[in-house]
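Below is one structure; the comments refer to it alone.
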Amino acid sequence: MYTKSARRHLILSTLLTTGTVFAAPPTSGPYVTDPQNEWVQDQSTEAIATANQLLCFMASTRADAMVNQGGFVAFIDEAKCDSSRGDANASTSSSGGSSVSYTRMHLTSTRADNNSPQIVKGHAEVRNDDGDVMPTYFYAEASAAPSSAAPNGEMILRYASVDPSTNGQFFKGYVSASGQSVSFAESGDWGGSVEETKMYLNTSGDSGAGAVQAPVWTNGSVTSVNFRFGYNANYFCRTNGVNEHCFSRSRANAKKSTWRYGVYNQDGSRFEAGQPGFNIINSAGEYGWAGYWGIWMPTALSDGDTVKDKQDNSYTVHKTSGRLTKHTRASITLAAMDKLPFRLWMQDVTGATSDWLEYQLNWNEAQTKFVVTHKNACDSNGCYLTKLGTPVNLTPSDMNSKTNNWGINAWSEALGAQISIPSSVVASGSGSVTYHSQETVKPGDATVPASLRCVRDCMTFNTLSAFNGNNSPYTTNTQNRWGDTPQGDIVAYTWNGATYELNDGSGVVGLAAINSNLTDWQSYKWGIRTGALIDASDLTDITCNSNKYCEHKVTDGSAGIDTYYIWETGPQDWNTASFLRSSTGYVSFTAPLRAEYVVPTGAAYGEFAGTTMYLQYQGFGELHGIPGKCFASDTNEETSCGPNTRWVPAFAIADGATVVIGGETKYVKGLESEIRFAKVNDSAQNLGITLGSLSDLPAGVSLNDASDATDPSNASNTSFYPGGYGDVDFDAAPAVIHGVVQ
C-alpha cells in the first residue's frame, strides 16, 4: 500500500508571485547571479500545497543550464522542497536531528533553436514513506517567457506516477500557463480513495480571478474545500463560501518570512567554511553524497563498504550503533540575551494553580524584567505555543521564586543550546548565562574520556535488548531521575573511540542491541537519548543530597561541568552516525558555525528590533535560528499557534545585511521567501473585485485513462513519453545537486 503523504515528493508552485529582489554589496559573483524566489502564501494556495513541490523539484534540476547536453542526473534535496514547512506543530520543537536525503531525477533538456520551445522529459525516483519506488514520468514544454500578453509565460508540465506491480497510476496531473490563464489539475489514488485537486487563474492586466477545489480529510473520510478569489492592482480577496477576507497587495504592508538564505564573501562568492560535503560513488557505480549530516546513497551502505570521490580517492564507510554528541561549556551575559526567547518549565505564572507549566519568555534588559509571552498547550491536534492575552512581567525576585530558587535551565532556539542561569543571576538580573555548544564526536577523538558515568535516563545493553516499543529503554532507577540518584544506581560505561562504541560491560549499548524486527517505536520513534554522560572523575562535582548525585548540577551556572556527552540511538538516520575514513584518518566535515546578527530597528522586526541574535550557519542555503511566530491561515494576522495556523520565522533578514562568522563579515541574501498580505476590513464588492467561479474550474484528470493522449507514462504517446523507467541510468554522476551545476 502506498501512503498518501508520498505525493508530497512531487508537485507545483503557488502562482501569486510578487517578483524577484536583488541588492547591493557585493557587486559580482554568485551573490548577484544566484536566483531568488518569492511567493505569496495564502490559505487558498495552501489547499494545493502539494503543488509547490513539483516546480521546486523542476527548478532545482537546472534544465535551463543543460539544454542540448544529453541526458543528465540531478539530485534534489527533499527537505528543501518540503511543502510541510510552516506546520504550527513545529512551534513546540526545541531541537531535532538532521540528515540528508535526495530524490534522483533523470532528464533531457532540448531546444531546436532560439525560436523553438524548450522541452524537458524525464523520470523521478520518487519513494513513498516505506521507501518503495513510485516510478514517475514527466514532460515539460516552455515556449515563451513571461510577457504582458502572457504574464506567466507559455508552458505546460505533465506528470504521472505508476505502480510497478500493477501498472495502475498512483497520481497524475498537469499545470498549464497560456496567455492570461493558469490551470492545474491532479488526481491521486491513496488506498482506494481518489482525490481531486483543481485550480484556475485568469488575469487581465493588474486584475484577476480564480478558484480552487482541494480534498480535505476529516475523521477518516475525504471531502472538498472550495475557494473563490480575485484581485486588482491594490487588493486581493477570497471566500470559502462562508467567510470572506480581503488583503492589501502593498509590499510595504505585507509580512515576509525567508526560508533559505545564501551567505557570501566580500567578493560575491559563496561562503563555504572548512571541509564541505562532496560526491561519492560506491562499488556498484551509484553516486551519493557525504557531509556533516551523514552519508546518503540510493542503496544503503554497510559498515566496511568502500566508496570513492571524484578524484578517485578511496574511503571506508564506518556505520555506528548510535551517535555521541559533545556539549562544551560557553557563556554570555544575561544582558546579551536581551529579548531572545527561551523555553522552560516553571510554576503557573498567574498564581491560579501550583502547577508547573512550559512557558516561552525572554529577558528585557531595558525593563530589567523577565517577560512571559507564551504557554505550551496540547490537545488532540498536537502541542502549540499559545500566546498569552497579556504578557506577564516578572521581576528578578519574582522569577527566582517561580523557579523555587533553583535558577533557570531552559532551551534557547537562538543559541541552539540548553542554557543555565544561576539563581544568583536570576535574582539580581545581572551576570553570566552558560550554555553548551554541540558537535558530533568523530571516531578516534582522543579527548573523549574512556570512562563515562550516567545518573539519569541511562540505557544499557540489557534494557535495550528487552525494549519492545512500549516499555522503557532506561534502567528503572534512573528514568526521569533529575534530583538524587544513589551511587548504586549510576551506570558506568567505557567508550571505545576507535570502534565508536559505548559498552556497559554486558555489551554494546546501541541499535545493534535492539530487536531488528521492531517496527513500532511508539513514543521513542524519534530516538532514545541518555541524560548527561560525564567523566568518572567529575562525579564529585554533581554530588548533592547526602552523597547522592543530581544531574541538574551538570549545567548549573559556574559550578557546572565544562564538557559532557549525550548518547543516542534509534530508528532515524540522525540517531546513528556514518563516517568516512581515508588512508590518513577520518574525514572531519565542518560543523555548523555561529553567525552573529544585529537586528535593525524598525517595525518590520517587531519586538526583536535592536537585539543581537546568534544564528547557526549549516552550509549554503541553511542559515537558521530566527525566532518563530504563528499567523492565522485565514487572516494572516499574528495569533496563538494551533490548527489552521502557520509557524514561520518572525521576520526576514534584508538582502545585503551582514553577519559575523568567525570574526569575519559575511553578506546575506534571501533565496526563498514567502509574502503574506496584510488584512483589510473591507469586501470584494466594495473594492470592485470580482471573485472567480467554481464552474470555471478545469476538467479533472482521470487515472488509468488509456485514451489520454498527453499522459507521459503511456509509451504510445511518443511526443510526451520520456522512455521506459527501467532503461534510466540513475547511477550516472549527478550533473546538478539541488540547483548547483557540478
Side-chain angles (χ1 to χ4, degrees), residues 94-95 327-346 359-374 391-439 541 552-564 592-601 605-617 624-627 650-651 653 657-665:
S94 60
S95 65
H327 298 247
T328 305
R329 183 188 183 88
S331 67
I332 61 174
T333 64
L334 183 61
M337 289 197 64
D338 182 35
K339 300 178 183 176
L340 298 184
F342 54 90
R343 204 171 302 169
L344 81 159
W345 287 82
M346 56 190 289
Y359 291 99
Q360 180 169 292
L361 60 154
N362 63 75
W363 168 252
N364 189 301
E365 178 70 12
Q367 297 179 12
T368 62
K369 291 180 180 179
F370 291 92
V371 183
V372 185
T373 58
H374 296 75
V392 176
N393 295 318
L394 298 175
T395 66
S397 177
D398 290 338
M399 187 67 192
N400 207 32
S401 176
K402 289 291 183 184
T403 55
N404 278 357
N405 300 318
W406 290 347
I408 291 175
N409 283 287
W411 173 262
S412 167
E413 198 73 44
L415 293 173
Q418 199 77 16
I419 64 172
S420 177
I421 310 177
S423 177
S424 59
V425 175
V426 175
S428 65
S430 177
S432 292
V433 176
T434 62
Y435 64 96
H436 286 77
S437 61
Q438 303 177 27
E439 62 177 315
D541 294 329
H552 69 81
K553 296 193 71 173
V554 171
T555 56
D556 270 357
S558 59
I561 306 299
D562 287 339
T563 304
Y564 69 90
L593 302 174
R594 172 156 297 171
E596 187 173 317
Y597 171 60
V598 179
V599 183
T601 58
Y605 302 96
E607 66 268 34
F608 303 109
T611 63
T612 298
M613 290 193 170
Y614 306 92
L615 311 179
Q616 295 85 49
Y617 181 61
H624 303 289
I626 294 175
F651 62 85
I653 299 176
T658 60
V659 295
V660 176
I661 302 177
E664 297 183 355
T665 298

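Numbering starts at 1 and runs along the sequence shown.
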Next on the checklist: In terms of relative ring orientation, are Tyr605 and Phe651 parallel, tilted or perpendicular, with 30° and 60° separating the classes?
Outcome noted: perpendicular
Checklist entry - How close do Ser412 and Ile419 get, heavy atom to heavy atom, and via which atoms? => result CB-CG2, 3.8 Å
Item to check | Euclidean distance, Asp338 CG relative to Gln367 CD, rounded to 0.5 Å | outcome: 9.5 Å
Checklist entry - Would you say Thr328 and Tyr564 make side-chain contact, with heavy atoms under 4.5 Å? => result no
Checklist entry - What is the minimum heavy-atom distance between Ala414 and Leu340, and which atoms define it? => result CB-CD1, 4.1 Å
Item to check | Nearest non-hydrogen partners of Ser424 and Ser428, listed with the distance | outcome: O-OG, 2.9 Å
Item to check | Sidechain-backbone polar pair: Thr403 side chain, Met399 backbone, donor-acceptor under 3.5 Å | outcome: yes
Checklist entry - About how many Å separate CD of Gln616 and CD1 of Ile661, when rounded to the nearest 0.5 Å? => result 11.0 Å
Item to check | Test log, rule side-chain hydrogen bond (donor to acceptor under 3.5 Å, both in side chains), inputs Asn409 and Thr555 | outcome: CA-CA 8 Å; Asn409 283 287; Thr555 56; 3.1 Å; yes
Next on the checklist: The test is side chain to side chain contact (heavy atoms under 4.5 Å, CB included); show your working for Met613 and Phe608 and say whether it passes.
Outcome noted: CA-CA 9 Å; Met613 290 193 170; Phe608 303 109; 3.6 Å; yes
Item to check | His436 NE2 to Thr563 OG1 distance, which is reported to the nearest 0.5 Å | outcome: 7.0 Å
Checklist entry - Would you say the side chains of Ser423 and Asn400 form a donor-acceptor pair under 3.5 Å? => result yes
Checklist outcome for this item: When rounded to the nearest 0.5 Å, the distance separating NZ of Lys369 from CG of Leu361 is 14.5 Å
Item to check | Side chain proximity check, Pro396 to Trp363, heavy atoms < 4.5 angstrom | outcome: yes
Checklist outcome for this item: The single option from Thr434, Val433, Leu344 that satisfies side-chain contact (heavy atoms from CB on, under 4.5 Å) with Ile421 is Val433
Checklist entry - To the nearest 0.5 Å, what is the distance between CE (Met337) and OH (Tyr435)? => result 10.0 Å
Checklist entry - Does Val392 reach the side chain of Lys402, with side-chain heavy atoms less than 4.5 Å apart? => result no
Checklist entry - Is the shortest heavy-atom distance from the side chain of Asp562 to the side chain of Arg329 under 4.5 Å? => result yes
Next on the checklist: Tell me if the centroids of the rings in Tyr359 and His374 come within less than 6.0 Å of each other.
Outcome noted: no
Next on the checklist: Test side chain to side chain contact (heavy atoms under 4.5 Å, CB included) on Thr612 and Tyr597; report intermediate values, then the result.
Outcome noted: CA-CA 6 Å; Thr612 298; Tyr597 171 60; over 6 Å; no
Next on the checklist: Please evaluate residues Thr395 and Asp398 with respect to the criterion side-chain hydrogen bond (donor to acceptor under 3.5 Å, both in side chains), reporting the C-alpha separation (whole Å), side-chain torsions for both, the decisive distance (0.1 Å), and the verdict.
Outcome noted: CA-CA 5 Å; Thr395 66; Asp398 290 338; 3.1 Å; yes
Item to check | For the student: nearest non-hydrogen atoms of Pro391 and Val371, plus distance | outcome: CB-CG1, 3.8 Å
Next on the checklist: When you compare the side chains of Asn362 and Thr373, does any donor N or O come within less than 3.5 Å of an acceptor on the partner?
Outcome noted: no
Checklist entry - What heavy-atom pair brings Ala410 and Arg343 nearest, and what distance separates the two atoms? => result CB-O, 3.0 Å
Checklist entry - Can any side-chain N or O of Asn404 pair as donor or acceptor with the backbone N or O of Trp406 at less than 3.5 Å? => result no
Item to check | Worked check of side chain to side chain contact (heavy atoms under 4.5 Å, CB included) between Arg594 and Leu415 | outcome: CA-CA 9 Å; Arg594 172 156 297 171; Leu415 293 173; 4.2 Å; yes
Checklist outcome for this item: Note: Ser432 and Pro422 closest approach over all heavy atoms is O-CD, 3.6 Å
Item to check | Criterion side chain to side chain contact (heavy atoms under 4.5 Å, CB included) on Phe342 and Ile408, from CA distance to verdict | outcome: CA-CA 10 Å; Phe342 54 90; Ile408 291 175; 4.2 Å; yes
